[in-house]
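What you see is a predicted model; the values in this text were computed from it and never measured. Sequence lines set the chain letters: A, B, ... in the order given, protein chains first and strands last, and positions in each chain run from 1.
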There are 2 protein chains.
Amino acid sequence: MSPRRVTLADVAKAAGVSRTTASLVLSGRGRELRISQDVEQRVLRAADELEYRPNIVSVGLRTGTSRTIGFVSDTVATSRLAGDMIKGALEAARDRGFMLFIGETEGDAELERLLLQTMHDRQVDGLILASMFTRAIKVPKAITAAPAVLLNALPKQPTPLPAVLPDEVEAGRRAARVLLEAGHRDGIHLIGAGPGLRDVPPESVAAVERLVGIREALGEAGVKVAGARTCPDWQPEYGFAATRDLLHTIRPRALICFNDRIAMGAYQALDDAGLKVPGDVSVVSFDDHPIASWIRPTLTTVALPHYELGRTAVDVLFAEIGREHADAERVGEVHRVPMPLRSRESIAPPPAD
Amino acid sequence: MSPRRVTLADVAKAAGVSRTTASLVLSGRGRELRISQDVEQRVLRAADELEYRPNIVSVGLRTGTSRTIGFVSDTVATSRLAGDMIKGALEAARDRGFMLFIGETEGDAELERLLLQTMHDRQVDGLILASMFTRAIKVPKAITAAPAVLLNALPKQPTPLPAVLPDEVEAGRRAARVLLEAGHRDGIHLIGAGPGLRDVPPESVAAVERLVGIREALGEAGVKVAGARTCPDWQPEYGFAATRDLLHTIRPRALICFNDRIAMGAYQALDDAGLKVPGDVSVVSFDDHPIASWIRPTLTTVALPHYELGRTAVDVLFAEIGREHADAERVGEVHRVPMPLRSRESIAPPPAD
DNA sequence: CTGTTAGCGCTTTCAG
DNA sequence: CTGAAAGCGCTAACAG
């Protein structure tokens, strides 16, 4: 099909030197080994003219390295939000000349084992184990074969693996403060979780952490949550139902919704009840899902930094790869990535009574 | 770090045979070469006990194959919709024991060249060149090195590359027919493109194809489009503006929005004007973006079959790889993937006058 | 039926 | 300063 690739041997021949010399020059170690200028130039020129490209597979076989990292997730590639995570990882990897293998497990442990196996067979230099939404995962044993980092996930059992996560607690504080700064002190209701730290959807790490932050910031200001509704799942319909129920008995001044989809449902319930955002009720939320800027009024929300999470995971992974010998002692530190506030139109001072 | 991998030589030694024999047995060609049952069993058992896994890199070097395909897109990994495309490709590839390299070009031709180069260096067996939204792309010359298929994209110049695309024309017909079947014959307006085939956003293949289908189905029924507004970009704000302007002068009976984001804007404008969907105005749209089932009333829409597109691309690619020698003569056929209708709540018979 | 031999393309001692 | 030789793990002729 193609006219056979140019190999190192071709370059060496064209330059009239041995493969060794050519290899040395091309891997940039010509200088330190004091190879003559003349030879160096000849090799470089030959490589250039022949358009030589090293065969990475071959290098991989020889060096046991593949300049590739495996990105394994439950189903991250699919969610738009999380797609940015891949993008961040992709770019960070590319900056270092690495490629990414993507794999999805669909939450199936057996599939996960197979996938890790396969990646190992392909000699990946490291692994990123990602979860679509922040939660505690069972770290597969198979993973110990290569350096690895957890992305958007916490280990269920203690492991030496580092983890990269959004700073949800600070995000909770931030959401609460936005309301505080607008002058809200009363009638602040939570939609999605709370009021207690146990009133959260199953497995949701984000829920409890956001809740902690919210309560902390409110508490410091001496403000109490007026009420809270838990949603079994953070989907618009539950946000709608929870808000509608709330409105049957109470007229809130502000809503902290636990994510944008819930906020969307809340908007609908508020609208049905003839309440205006933000004139009657202020709304703040989390995630910065694309709809946050589509719904009207546009939604103020604390963004999940997907892109940064992806980049950070790769950075942490490279630090891990760089580490000579993994001290079994070391316990995986967790890296928190800040969640930035996106100020939009859904917040106003409380209506004067 | 790990205790050195088990190699074929280890298995051979343990089974008391040569590497060749072990290789033959393990690649399943033992039978046809009539290797003795005894030997076969010994090898199999040894491999099993030692947990032997072939080193794919090595096989790759030897056979020039990598059981890997490259998925290069402008920015497909990022868009939630298109994430499903990757998912489909991922699964189809996995079914055949292949992995996927993902790469994004950000529409930068130089980056694209580099990426293709890199994938080529890594001996990918085939390439999928994907676009986030359907359009004509300039096929990079570098791509001829390996079998390739265009996904969600048409070649600008004629090439022998096959292309996989959603069947937009049929989708257009389908959208129009839904309205027709509900009894609509008058007051049907287009939001996003039209009425002429030239009234479309730049580069949008989908726009003209959908338009063709719509006009065809309507034409067959002897129905004329009452009016149309083009949007410079298919975002909610433009859908909102276009619909609001339309409502200044006209009271439509039905809207065909060119995608769900536009429809979302249209909903807002309709709501502002005090018009009910679908009681006063029916709405049909395209894409089946997640919001289509979130907004109320839920939106009837003709879905982009992202997952299927991804799968199909891989299937077509494998057919391509299987083909012995690419006849330069062959012109790339285009495969159209059906776009299914998602019937929801936004359509009703026209109000009786 | 099975083993010997020879590489795939590259890096890396080890001698000049 | 440069080259010869070995070998990463595997497969494929080619002999026996």
Side-chain angles (χ1 to χ4, degrees), chain A residues 1-44 46-47 50-67 97 120-123 125, chain B residues 1-44 46-47 50-67 97 120-123 125:
Chain A
M1 175 159 252
S2 33
R4 201 182 67 73
R5 288 185 60 115
V6 175
T7 76
L8 183 61
D10 298 327
V11 174
K13 179 133 54 85
V17 300
S18 73
R19 296 203 321 274
T20 310
T21 306
S23 173
L24 258 24
V25 169
L26 292 174
S27 57
R29 294 189 303 163
R31 247 50 233 275
E32 83 187 52
L33 292 183
R34 297 199 290 163
I35 285 186
S36 71
Q37 296 285 313
D38 176 43
V39 166
E40 177 165 354
Q41 288 310 314
R42 288 215 310 276
V43 171
L44 258 18
L50 297 177
E51 296 185 15
Y52 167 70
R53 311 228 79 219
N55 181 331
I56 308 239
V57 175
S58 175
V59 176
L61 180 57
R62 188 61 235 248
T63 63
T65 205
S66 62
R67 303 188 74 72
H120 188 204
D121 292 348
R122 286 169 137 85
Q123 310 266 70
D125 297 321
Chain B
M1 173 158 249
S2 32
R4 200 181 67 73
R5 289 186 61 115
V6 175
T7 77
L8 183 60
D10 298 327
V11 175
K13 178 134 53 86
V17 301
S18 74
R19 297 202 323 275
T20 310
T21 306
S23 172
L24 257 25
V25 169
L26 292 174
S27 57
R29 295 188 302 163
R31 247 46 234 274
E32 85 188 51
L33 292 182
R34 298 201 287 163
I35 285 185
S36 71
Q37 297 285 317
D38 175 43
V39 167
E40 176 165 354
Q41 287 311 315
R42 288 213 312 274
V43 171
L44 256 21
L50 297 177
E51 297 187 13
Y52 168 70
R53 311 228 78 221
N55 181 329
I56 307 244
V57 175
S58 174
V59 177
L61 180 57
R62 187 62 240 240
T63 64
T65 205
S66 62
R67 301 189 75 71
H120 188 205
D121 292 349
R122 287 171 137 85
Q123 310 266 69
D125 297 322

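A/S23 places no side-chain N or O within donor-acceptor distance of the main-chain N or O of A/R19, the cut-off being under 3.5 Å. A donor-acceptor distance shorter than 3.5 angstrom exists from the side chain of A/R122 to the backbone of B/S66, with no hydrogens or angles considered.
In this structure, B/S36 and B/T63 both approach DNA chain C, and ranking their closest nucleotides by distance from the 5' end singles out B/S36.
The nearest whole Å value for the distance from the CG atom in B/L61 to the P atom in D/dC8 is 13 Å. Across the protein-nucleic acid pair, A/R122 atom CZ and D/dC10 atom C1' stand 15 Å apart, rounded to whole Å. The distance between atom NE2 of A/H120 and atom P of D/dG9, rounded to the nearest whole Å, is 12 Å. Taking atom CG on B/L8 and atom P on C/dG7, their separation rounds to 20 Å, with Å as the unit. Residue A/Q37 contributes atom CD, which lies 10 Å from atom P of D/dT2 at whole-angstrom precision. In this structure, A/R62 places its CZ atom 16 Å from P of C/dG9, rounding to the nearest Å.
Here the rule is side-chain contact (heavy atoms from CB on, under 4.5 Å) with A/D121, and of B/V57, B/I56, B/V59 only B/I56 fits it.
For the pair A/I35/A/V43, no side-chain contact is recorded, criterion being any heavy-atom separation below 4.5 Å from C-beta on. Taking 4.5 Å as the limit, some side-chain heavy atom of B/L44 sits within range of a side-chain heavy atom of B/V25. Within the 4.5 Å cutoff, no side-chain heavy atoms of B/N55 are placed close to those of B/T7.
Among the nucleotides D/dG9, D/dT11, C/dC10, the one closest to the side chain of B/V59 is D/dT11.
Distances shorter than 4.0 Å separate some side-chain N or O of B/R29 from OP1 or OP2 on D/dA12.
At a threshold of 4.0 angstrom between heavy atoms, the contacts of A/V39 are confined to the sugar-phosphate backbone, with no base atom among them. Across all strands shown, A/I35 has heavy atoms under 4.0 Å from sugar-phosphate atoms exclusively, and none from any base.
Closest heavy-atom contact between B/V17 and B/R42: CG1-NH2, 3.7 Å.
Near DNA chain D, meaning a heavy atom under 4.0 Å from it, residues 11-27 of chain B has B/R19, B/T20, B/S23 in order of number.
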